[in-house]
Protein chains: 2
Amino acid sequence: MESAIAEHLKCPRTRHRRVEDDYTPPYPVWSARAPTSVTQVVMGCFGVQSRGPDMQGRACAALQKIVRSFALPDGPGHHDLTHFVDADGFDNMIAIAYWHDAAAHARWLATPEIDAWWRADERLTEGLGYFREIASPRVEHFETMFNTPDRMEGIGVVMGDVSGELQEHGYWGSMRDRIPLSQTDALAPSGMRAVVAGTPAWGQRVRIAGHENIAMIRSGQEWTDTTGQERTLYLEDMEPVLREGMDFLRDQGLAIGCYSNRYMHHLDAAGAPLQKSFGLSYWRSLADMERWAESHPTHVAIFGSFMRYVQALNFQLQLRVYHEVSVLKADEQSYEYINCHARSGLMNGLAMT
Amino acid sequence: MESAIAEHLKCPRTRHRRVEDDYTPPYPVWSARAPTSVTQVVMGCFGVQSRGPDMQGRACAALQKIVRSFALPDGPGHHDLTHFVDADGFDNMIAIAYWHDAAAHARWLATPEIDAWWRADERLTEGLGYFREIASPRVEHFETMFNTPDRMEGIGVVMGDVSGELQEHGYWGSMRDRIPLSQTDALAPSGMRAVVAGTPAWGQRVRIAGHENIAMIRSGQEWTDTTGQERTLYLEDMEPVLREGMDFLRDQGLAIGCYSNRYMHHLDAAGAPLQKSFGLSYWRSLADMERWAESHPTHVAIFGSFMRYVQALNFQLQLRVYHEVSVLKADEQSYEYINCHARSGLMNGLAMT
């Protein structure tokens, strides 16, 4: 058993973990590990927004164009294609892409044909919306967790290696304890989001500035390999509860510090749904996320459902679950929206009323 | 809103709370407050153990004798009469008594007629068991919480006053954050329980030594004033889940650090049941109690049930809930058993097998 905090990221503590050194978790989980040369990674959401079946073909073509650009030099090491319908009834397809090197991402983004495409006036007049939500946490500012060591997701794919079994999990507060910066920092938020270009509305190019220590989570599951009782448990017992929680955050999250939540389903390269999904949300602070997770009826229900699930299966799961959580400095965030509706992503709640 | 830690018990912190200073709890709770002159209190369980209806009259008479002794000088300021049936099928009636002054308790206990009665050989031959489990936490070592400020229970009755609304509640870890010693101490256990006199078995006088930082909780509820939907919710939705959790701790608690659990029901002076109950348990450490509360399916179910309950009632409860939690130094514990079965109270798990 080892700490979730990689050896080279340990430092003298000024803040304690929530558990003592003799704590033993109830079941094993693992973290992704990167070489010590990795200092800052990038998690980028490249989205296309559309409304109604008539626009879906055009939206798919736009997404394919984005995905083709990933093959250019310095492109991401891994990406997923995903889809969700937002609270306003819009389809949102997102290519979520990962780099283990922030400098490579910056070079890729500056590639003339990518930059020109993004800046072209045509983006405002195609009947589609586009967005880029780019998080680039330094390695001290995020953590990952997987219930199996053999197949990574998300940033874990590009980090390249996996830890031994982790000590810090299975208790409330373990998410925080896995983030290296928590050794010395309360991860408290400061400042406010701001609209720094455009106006959240149709036909606009909008840039949002994120404030210090916004927390982002991607929390996913794959039920491809489940069968029999386990499959039934997931689909009929657990998933409906998960969906209820996701819907709550999407529709009523702002009041409790959740700026944006998307319950995404994976698509294959041809656009067909896979048996994988994840929630992707942005929060005012890690503390707000903790408060929701620990006390809100929807997440308590999710947690209770999962506990019943793993107990019923005696911890022998074919279900794969994982998450990645970042606490982002202001300079580790970039949010841009072109011709998107005013409640899209990090614009949510910032439109003049 | 104020801290659960009374002003005169605050000290420079070496350990942080789990919440930031701007945290606001979801609903109000209160703590009992004592004058600054109170430095150490006593929570004493005075029990009579019997088996079967034939012995109940004799057991009741023994309990009445104990209760009459409370009226002697330096007796407790408050007591409750309670009953439960343990895992071995024995009736246990307990007078649980509270002193705000440990010195007064010591004088009371040394009262010749009380001391002589306890030491008399007859106690071993009456067909009854007797026990005394005495916790005497210094004021830095316990906390209380009530969902109403107008009627105290337990140690709160003798403390004499009530706080304003507390900040530290409504999140996992708030119990620890309410204990004054947690400002500077991890409350980690050390040492082991030991049989220091006799042998856990029939016909024995047994004394158990408690180890450093055993955690004790009394967590109670009163449904006297509930009506209509709320009463149904408590009796049919919440209580069965609570009972399941209590049964688990009673029957399988040892493996997770719970030395003893009793799900007690209050009796009136004539022995008739009241609409009040509480769980009374002793744990290897506060951390073990936290782990159970936060992750074990039975308590997650209790918590989920309570969250649904308060939400369904929009936080307007007639149900009264409260708890008192102590983390006890070795010198704040005294456990004695006369002619009790080997799994009684803190003897549980210590019998030679």
Side-chain angles (χ1 to χ4, degrees), chain A residues 13-27 169-177 182-190 213 241 245 248 255-257 284-312 315, chain B residues 13-27 169-177 182-190 213 241 245 248 255-257 284-312 315:
Chain A
R13 283 186 175 274
T14 59
R15 297 176 61 87
H16 57 268
R17 301 191 302 184
R18 256 205 92 209
V19 290
E20 296 300 299
D21 292 344
D22 65 354
Y23 170 76
T24 305
Y27 53 92
H169 87 95
Y171 61 92
W172 297 110
S174 58
M175 174 173 70
R176 178 181 292 266
D177 286 350
S182 74
Q183 296 170 100
T184 57
D185 192 294
L187 311 179
S190 63
N213 288 345
V241 179
F248 171 83
I256 58 165
R284 189 183 71 96
S285 68
L286 192 69
D288 282 335
M289 196 198 299
E290 289 172 329
R291 293 293 83 76
W292 178 72
E294 296 179 20
S295 65
H296 197 273
T298 52
H299 190 270
V300 172
I302 292 171
F303 184 71
S305 174
F306 184 70
M307 291 302 292
R308 282 195 303 277
Y309 180 95
V310 298
Q311 194 186 227
F315 297 102
Chain B
R13 283 185 175 275
T14 59
R15 297 176 61 87
H16 57 268
R17 301 191 303 184
R18 256 205 93 209
V19 289
E20 296 300 299
D21 292 344
D22 65 354
Y23 170 75
T24 305
Y27 53 92
H169 87 95
Y171 61 93
W172 297 110
S174 59
M175 173 173 70
R176 178 181 292 266
D177 286 349
S182 74
Q183 296 170 100
T184 57
D185 192 293
L187 311 178
S190 63
N213 287 345
V241 179
F248 170 83
I256 57 165
R284 189 183 71 96
S285 68
L286 192 68
D288 283 335
M289 195 198 299
E290 288 172 328
R291 292 293 84 75
W292 177 72
E294 296 179 21
S295 65
H296 197 274
T298 52
H299 190 270
V300 172
I302 292 172
F303 184 71
S305 174
F306 184 70
M307 290 301 292
R308 282 195 302 276
Y309 180 95
V310 297
Q311 194 186 228
F315 297 102

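Letters go in sequence order (proteins before strands), and every chain restarts at 1.
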Inset, instruction - Below 4.5 Å from any heavy atom of chain B, which atoms of A/Asp22 appear? Answer side chain, backbone, both or neither. - result: side chain
Legend entry - Shortest non-hydrogen contact from B/Arg18 toward A/Gly173: NH2-CA, 3.4 Å
Inset, instruction - Under 4.5 Å, counting heavy-atom pairs only, tell me which of B/Arg15, B/His16, B/Glu294, B/Glu290 racks up the most with chain A. - result: B/His16
Inset, instruction - Could you pull out all residues at least two apart from A/Arg17 that satisfy salt bridge (charged side-chain N to carboxylate O under 4.0 Å, His left out)? - result: A/Asp21, A/Glu168
Inset, instruction - Pick one of side chain, backbone, both or neither for B/Ala188, based on which atoms fall under 4.5 Å of a heavy atom in chain A. - result: side chain
Inset, instruction - Please identify each residue that fulfils side-chain hydrogen bond (donor to acceptor under 3.5 Å, both in side chains) with B/Tyr23, with sequence neighbours left out. - result: none
Inset, instruction - Sort B/Arg176 into side chain, backbone, both or neither according to what part of it lies under 4.5 angstrom from a heavy atom of chain A. - result: neither
